[in-house]
Amino acid sequence: MHNVTEDVRHEIRTAVSEAIASSELGVQVGRVQACDVPVELTRDKSYGDFSTTVAMSLAKQLRRPPRQIAESIAETLRSTARKTCYIRRVEVAGAGFINFFLSRAWLEDTIRAVHAAGPAYGTSDAPVGRRVQIEFVSANPTGPMNVVNARAGAVGAALASIMRAAGYDVSTEYYINDAGNQVAVLGESVELRYRQLQGERIEFPEKCYQGAYITDIAREAAAKHGEKLKAMAADERTRFFREFALARMLESQKRSLARFGVDFDVWFSERTLVESGAHREMLGILRERGMVYEKDGATWLRTTDFGDDKDRVLVKSDGEYTYLAGDIAYHRNKLGRGFDLIIDIWGPDHHGHVIPTRAGLQALGYPGECLEVLLLQFLSILSGGERVKMSKRAGEFVTMDDLVDEVGRDAARYFLLMRNIESHLDFDLDLAKSQSQENPVYYVQYAHARICSIFRQAEENGVTIVEPSGADLSRLVEEVELDIARKLAAYPDEIATSAADRAPNRLAKYALDLAGLFHSFYNSCRVISDDAGLTSARLALSGAVGTVLRNCLDILGISAPEKM
RNA sequence: GCGCCUGUAGCUCAGGGGAUAGAGCAACUGCCUUCUAAGCAGUGGGUCGCAGGUUCGAUUCCUGCCAGGCGCGCCA
């Protein structure tokens, strides 16, 4: 009873498959496997509860009108002596849909299933058994977390939760880019600011990071290590500033992420990778496999063998590894840790790296499908109707912290999750601030708080709260009550689809729809009344909605308040 | 020039091979002596960018075009 919808689907599939085999159609089509019968929850309940389009897909093969085929299948289903437990009525409609009207027992069972499973409702019974790693955010440690990182954080964390709910074994990872030359530039920026603070009249180069946070770090270094710094030799001091600045930036980035509620299972340092000799090792394997060649003093990878439009450099003529080489080595390391699927969430400006990186893995002998890159589209911040320019070097941006301060963590996360990941997202700060009352996240949270309030009220009034399994759910007869139960039944499908499509926004929409149904119910039906039986039934329904809302919000990384 | 993403209501966007295309905002009208009005009920609003193709069926998939965003380094 964990997943009633799946049970029903199975029942319908089997019945249809058997009906086709035993009807006159069976001779022509042969056996149609039950799993090949598409069974969907209907969009509109006038089409019944579930529907199949199998007749339409058989039309071509049988060279008969789909409606006729549907009638034939339906007729056989109706005359089947063996009474199935949920199916009550079978109708043919439209172009050849076979619609199934079920007994209300399936909705009552759904409500009971939600109560029985609680937080586990909607999660998959059968683990998919694939080890998945999702890497996201992985910002350069050269500036504060910005809103693009916030979007990646919200999406990555939600996707990880959704895929876990769908049965995947998921690990989340943050790649710390602590080995590149941008760290040297960061150190240099801080050191120059420090020297300026010491009264030296020196120019601050354009390539350095301009933000005020650089000066803050310089000031902090001076305050803590003032005397020691003065005594240092030049190269020693440069090294000091690089390490000091890096440590401070990482600390501040981790703090921002923690405030935003995004956590990672693994923080992976690029340095440890470099120091482990992973690059050299990778290159050795590629060389053995004949995948690299020398040209113009550089070492090239034959990415064109795997669909790239030109080969790529792995080792520059100055002997340094390229960014691509590092990425391939890193991904090889990930796969070496036993993951079957690597999901990276990147910005759209990195889309050109997808093919070369995958090509690198293929060149190493891995299947291309083991790397999936989700390109998260950009996010613009609108303030006063104007697009806020964001440039890290210029030090202009709205930070993740700003977002949390101004809009709040829950609202920020919901907003960032609301949209399809491949859609450009306009985040209007003024709107989010001024209209925070109408914010969709409050709508969902409010439904949850209302449900909690009902239960508090029931307790205060001394209403005996019957165990849901004991409530007489046949008392739920209002249309909106049954609509809610139907929506609860759709939840497991919603989790599965959101996971398969890598689409957290679907779940955000589901939560909004369920909350809407509940608000509607709340306004037209009184839960606590003199009718004890009805009260129990409605409490059971409300409690089930509360559970599912909580599950959704939890997955999305948003709090489910008991009071608002 | 090549590549990726987008084009759906006045605005911001969902949806998606199927049966009358949805929500919020904005506008208007009602609903608080009863469990939270951060709520509900209702009204108006659409050639799903354009043109072909595949299909029993396309707004959805494919191709081309148009428009917008972004990217095309021995940078990271």
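Lettering of chains follows the sequences in order, A, B, ..., and the numbering in each one begins at 1. None of the values given here were measured: they were computed from a predicted structure.
Across all strands shown, A:G180 has heavy atoms under 4.0 Å from sugar-phosphate atoms exclusively, and none from any base. At a threshold of 4.0 angstrom between heavy atoms, the contacts of A:A93 include nucleobase atoms, whether or not backbone atoms are also involved. Using a 4.0 Å heavy-atom criterion, one finds that A:E460 contacts no nucleic acid atom at all. Counting non-hydrogen atoms under 4.0 angstrom, A:D296 reaches a base of the nucleic acid. When heavy atoms are screened at a 4.0 angstrom cut-off, A:C452 is found touching no nucleic acid atom at all. Base contact: A:H353 has a heavy atom under 4.0 Å from a base atom. Residue contacts shown for A:Y522 include a base, since a base heavy atom lies under 4.0 Å away. At a threshold of 4.0 angstrom between heavy atoms, the contacts of A:L375 are confined to the sugar-phosphate backbone, with no base atom among them.
In terms of phosphate contacts, A:S423 brings a side-chain nitrogen or oxygen within less than 4.0 Å of OP1 or OP2 of B:A14. Distances shorter than 4.0 Å separate some side-chain N or O of A:R450 from OP1 or OP2 on B:A37. For the pair A:Y443 and B:C40, the criterion of a side-chain N or O lying under 4.0 Å from OP1 or OP2 is met. Taking side-chain N and O atoms only, A:N439 has no distance below 4.0 Å to OP1 or OP2 of B:G24. At the phosphate of B:G15, OP1 or OP2 sits under 4.0 Å from a side-chain N or O atom of A:N505. For B:A76, the OP1/OP2 oxygens have no side-chain nitrogen or oxygen of A:Y323 closer than 4.0 Å. Of the side-chain N and O atoms in A:T53, none sit less than 4.0 angstrom from OP1 or OP2 of B:G17.
With a 4.5 Å cut-off on side-chain heavy atoms, A:R538 and A:E481 count as touching. Residues A:I454 and A:L539 meet the side-chain proximity criterion, which asks for heavy atoms closer than 4.5 Å.
Closest to the side chain of A:Y442, out of B:C70, B:C56, B:A38, is B:A38. Side-chain proximity of A:H424 to B:G68, B:C70, B:C35: nearest is B:G68. Candidate nucleotides B:C56, B:C74, B:A38 were compared by shortest atom distance to the side chain of A:P66, and B:C56 ranks first. Checking B:A37, B:A76, B:U20 against every side-chain atom of A:N181, the shortest atom distance belongs to B:A76. Side-chain atoms of A:K316 lie closest to B:C74 of the nucleotides B:C5, B:A37, B:C74. If you check B:C40, B:C13, B:A19 against the side chain of A:N99, the one that comes closest is B:A19. Taking the side chain of A:R419 as heavy atoms from C-beta on, and the options B:C40, B:G15, B:C13, the nearest nucleotide is B:C13. The side chain of A:F378 sits closest to B:C70 out of B:C74, B:C70, B:C35. Among the nucleotides B:A38, B:C4, B:C5, the one closest to the side chain of A:H351 is B:C4. The listed nucleotides are B:A19, B:U12, B:C35; the one nearest the side chain of A:S51 is B:A19.
Spacing between B:A58 and B:U43 at atom C1', rounded to whole Å, works out to 32 Å. Separating the C1' atom of B:G49 from that of B:U8 is a span of 10 Å, rounded to the nearest Å. To the nearest whole angstrom, the two P atoms, one in B:G3 and one in B:A41, are 48 Å apart. The gap from the C1' atom of B:A19 to that of B:U6 amounts to 29 Å, rounded to the nearest Å. For the C1' atoms, the distance linking B:G53 with B:U59 amounts to 16 Å, nearest Å. The separation of B:C2 from B:A26, taken at their P atoms, amounts to 45 Å, rounded to a whole angstrom. A distance of about 29 Å separates the P atoms of B:C5 and B:A23, rounded to the whole Å. Taking the C1' atom of each, B:G73 and B:G46 are spaced 46 Å apart, rounded to whole Å.
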Determine all donor-acceptor pairs shorter than 3.5 Å in which one atom belongs to a side chain in residues 514-523 of chain A; sequence neighbours excluded.
from, atom 1, to, atom 2, distance (Å)
A:H519, ND1, A:R450, NH1, 3.0
A:H519, NE2, A:Y443, O, 3.0
A:N523, ND2, A:H519, O, 3.0

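Here A:Y446 does not pack flat against the base of B:G39, since the 5.5 angstrom centre distance and 30 degree tilt limits are not both met. In this structure, the aromatic ring of A:F97 is positioned over the six-membered ring of the base of B:A19, centres within 5.5 Å and planes within 30°.
Remark: the A:H350 side chain and the A:D344 side chain contain no N/O donor-acceptor pair separated by less than 3.5 Å. For the residue pair A:Q182/A:N140, the side-chain donor-acceptor check at 3.5 Å is satisfied. Counting only N and O atoms by type, the side chains of A:Q377 and A:S423 include no donor and acceptor under 3.5 Å apart. Side-chain contact, A:T238 with A:E191: a donor N or O sits under 3.5 Å from an acceptor N or O.
Residue A:S520 places no side-chain atom within donor-acceptor reach of the base of B:C40, judged by atom type and a 3.5 Å distance cut-off alone. The base of B:A37 does not come close enough to the side chain of A:H519 for any donor and acceptor atom to sit less than 3.5 Å apart.
Both A:R312 and A:S529 sit near RNA chain B, but only A:S529 has its closest nucleotide nearer the 5' end. Comparing A:Q377 and A:L512 by the nucleotide of RNA chain B whose heavy atom lies nearest to each, the residue mapping closer to the 5' end is A:Q377.
The interatomic distance linking A:L376 (CG) with B:C4 (P) rounds to 18 Å, in whole Å. Atom CH2 of A:W346 and atom P of B:C4 are 15 Å apart (whole Å). Here B:A37 presents its P atom at 10 Å from CD1 of A:I454, a figure rounded to the nearest Å. Taking atom CG on A:D483 and atom P on B:C40, their separation rounds to 15 Å, with Å as the unit.
Using a 4.0 Å cut-off between charged nitrogen and carboxylate oxygen, A:D311 and A:K295 do not count as a salt-bridge pair. At a threshold of 4.0 Å, the pair A:E494-A:K487 does not count as salt-bridged, since none of the basic side-chain nitrogens sits closer than that to a carboxylate oxygen. A:D308 has a carboxylate O that lies under 4.0 Å from a charged side-chain N of A:R312, or vice versa, which qualifies the two as a salt bridge.
For B:C32, the base is syn relative to its sugar; the glycosidic angle is within 90° of 0.
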* Structure fact -> Base-pair string, RNA chain B, Watson-Crick plus G-U, cut-off 3.5 Å on both distances, | for inter-strand, is (((((((..((((....[...)))).(((((.......))))).....(((((..]....))))))))))))....
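Within residues 37-45 of chain A, the residues having any heavy atom closer than 4.0 Å to RNA chain B are, in order of number, A:R43, A:D44.
The backbone N or O of A:L416 lies less than 3.5 Å from no partner atom in the side chain of A:R419, so there is not a single donor-acceptor pair. Not a single donor-acceptor pair under 3.5 Å links the side chain of A:T299 to the backbone N or O of A:L314.
Atoms CZ and CZ, from A:F241 and A:R248 in turn, are 12.0 Å apart once rounded to the nearest 0.5 Å.
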* To do: Apply side chain to side chain contact (heavy atoms under 4.5 Å, CB included) to the pair A:Q362 and A:E369, showing each step before the final yes or no.
  => CA-CA 9 Å; A:Q362 288 171 295; A:E369 305 82 62; 5.7 Å; no
